[in-house]
Amino acid sequence: MSVIGVLALQGDFREHANVLRTTGCEAKEIRLPEQLDSIDGLIIPGGESTTIVQLMDSFGFINRVKQLARGGMPIWGTCAGMIVLAGKLMGDRPEPLGLIDIEVERNAFGRQIDSFETMISVPVLGSEPFKGVFIRAPIITLIGSGVEIIATIDNQQVVAAKQNNILVTSFHPELTDDPRFHEYFSTMISGVGN
Ligand code: GLN
């Protein structure tokens, strides 16, 4: 059984762990960098990206997560987690880890539509649409040539993407009762080494 770590420094890590458990994976809340050695994949949850990066830095996570990512460990960032993994941000805070070749704009939907839900077509999950829960969500403003588009809204705005072992979603699959995104991430883990 795969063991999936959920970075538990700040944000909605419990919700991720709960969905993972319904998919038959073992979910482990990660609070110290040493715990990264016993997992097969890592989720960086939604929350506040500046706080998450600051805590990752003070607890000594940054280099270890970069090393594991470069070694092929699947990592999935949702919302704030996507900001943490980005190659570049519009704006200067926080400093992202640079693990996926995308540029991201924080809080990109503006005050008027702070939070919303919309059904999204996600071909890798099958034909049934997926409920996208967007909360002060970032958007992807530039996408590198090696990055695969996983989902768009309004036919052009990229809201989920993947580059090799790194997956990002600007919405929160952990806040739905639909486990398909978590199941998809676990197939990325079982694909490692095959
Ligand atoms: N706006 C938050 C940030 O910039 C992300 C919001 C979220 O994760 N729901 O970090």
Side-chain angles (χ1 to χ4, degrees), residues 4-20 27 29-31 41-59 61-62 65-66 69 74-120 122 130-143 147 149-154 157-163 166-182 184-185:
I4 301 185
V6 186
L7 189 68
L9 300 177
Q10 193 266 338
D12 67 347
F13 50 88
R14 286 187 192 88
E15 287 77 357
H16 270 295
N18 290 340
V19 182
L20 286 171
E29 292 181 7
I30 304 294
R31 295 191 167 80
L42 177 69
I43 295 178
I44 303 184
E48 195 52 45
S49 55
T50 46
T51 309
I52 295 175
V53 171
Q54 204 171 32
L55 291 170
M56 286 179 84
D57 189 30
S58 35
F59 284 90
F61 272 97
I62 302 219
V65 169
K66 285 184 181 174
I75 305 187
W76 174 21
T78 59
C79 200
M82 169 167 112
I83 298 168
V84 172
L85 294 173
K88 192 171 183 295
L89 302 184
M90 286 175 77
D92 55 0
R93 283 183 67 221
E95 187 176 336
L97 270 58
L99 296 175
I100 177 164
D101 188 12
I102 54 171
E103 182 190 74
V104 168
E105 180 181 3
R106 296 175 63 201
N107 302 318
F109 292 94
R111 281 174 178 275
Q112 297 305 317
I113 39 168
D114 200 58
S115 302
F116 62 97
E117 290 182 6
T118 187
M119 296 310 287
I120 309 174
V122 187
F130 191 89
K131 184 164 85 181
V133 179
F134 292 80
I135 304 170
R136 289 178 294 107
I139 55 170
I140 299 174
T141 42
L142 284 175
I143 186 154
V147 179
I149 294 172
I150 298 289
T152 57
I153 53 173
D154 302 331
Q157 186 63 70
V158 180
V159 291
K162 175 175 176 289
Q163 185 173 23
I166 308 294
L167 176 68
V168 292
T169 52
S170 56
F171 50 95
H172 292 271
E174 72 281 16
L175 300 182
T176 71
D177 51 17
D178 185 340
R180 284 179 296 155
F181 245 110
H182 290 77
Y184 175 70
F185 182 61

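No hydrogens, no waters, no symmetry mates; every other heavy atom, side chains included, goes into these values. Atoms within a ligand are numbered from 1 in the order they appear, just like the ligands themselves.
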Parallel, tilted or perpendicular: which fits the ring planes of His16 and Trp76, with parallel below 30° and perpendicular above 60°? perpendicular
So with a 6.0 Å cut-off around CD of Glu15, is the heavy-atom count from everything else above 12? yes
Give one line per pair: atom of ligand 1, protein atom, distance. Only N/O to N/O under 3.5 Å.
residue: ligand 1; atom: 1 (N); partner: Asn107; partner atom: OD1; Å: 2.6
residue: ligand 1; atom: 1 (N); partner: Arg136; partner atom: O; Å: 3.0
residue: ligand 1; atom: 1 (N); partner: Arg136; partner atom: NH1; Å: 3.3
residue: ligand 1; atom: 4 (O); partner: Ser49; partner atom: OG; Å: 3.4
residue: ligand 1; atom: 4 (O); partner: Arg106; partner atom: NE; Å: 2.7
residue: ligand 1; atom: 4 (O); partner: Arg106; partner atom: NH2; Å: 2.9
residue: ligand 1; atom: 8 (O); partner: Gly47; partner atom: N; Å: 2.9
residue: ligand 1; atom: 8 (O); partner: Gly47; partner atom: O; Å: 3.1
residue: ligand 1; atom: 8 (O); partner: Ala80; partner atom: N; Å: 3.1
residue: ligand 1; atom: 9 (N); partner: Ile135; partner atom: O; Å: 3.0
residue: ligand 1; atom: 9 (N); partner: His172; partner atom: NE2; Å: 2.9
residue: ligand 1; atom: 10 (O); partner: Ser49; partner atom: N; Å: 2.6
residue: ligand 1; atom: 10 (O); partner: Ser49; partner atom: OG; Å: 2.8

Just to verify, what does Thr118 make a side chain to side chain donor-acceptor pair (under 3.5 Å) with, not counting sequence neighbours? none
Check: Val158 and Val147 side chains under 4.5 Å, non-hydrogen atoms: no
Is the distance between the ring centroids of Phe181 and Phe171 under 6.0 Å? yes
Is it the case that more than 12 heavy atoms not belonging to Gln157 sit under 6.0 Å from its CD atom? yes
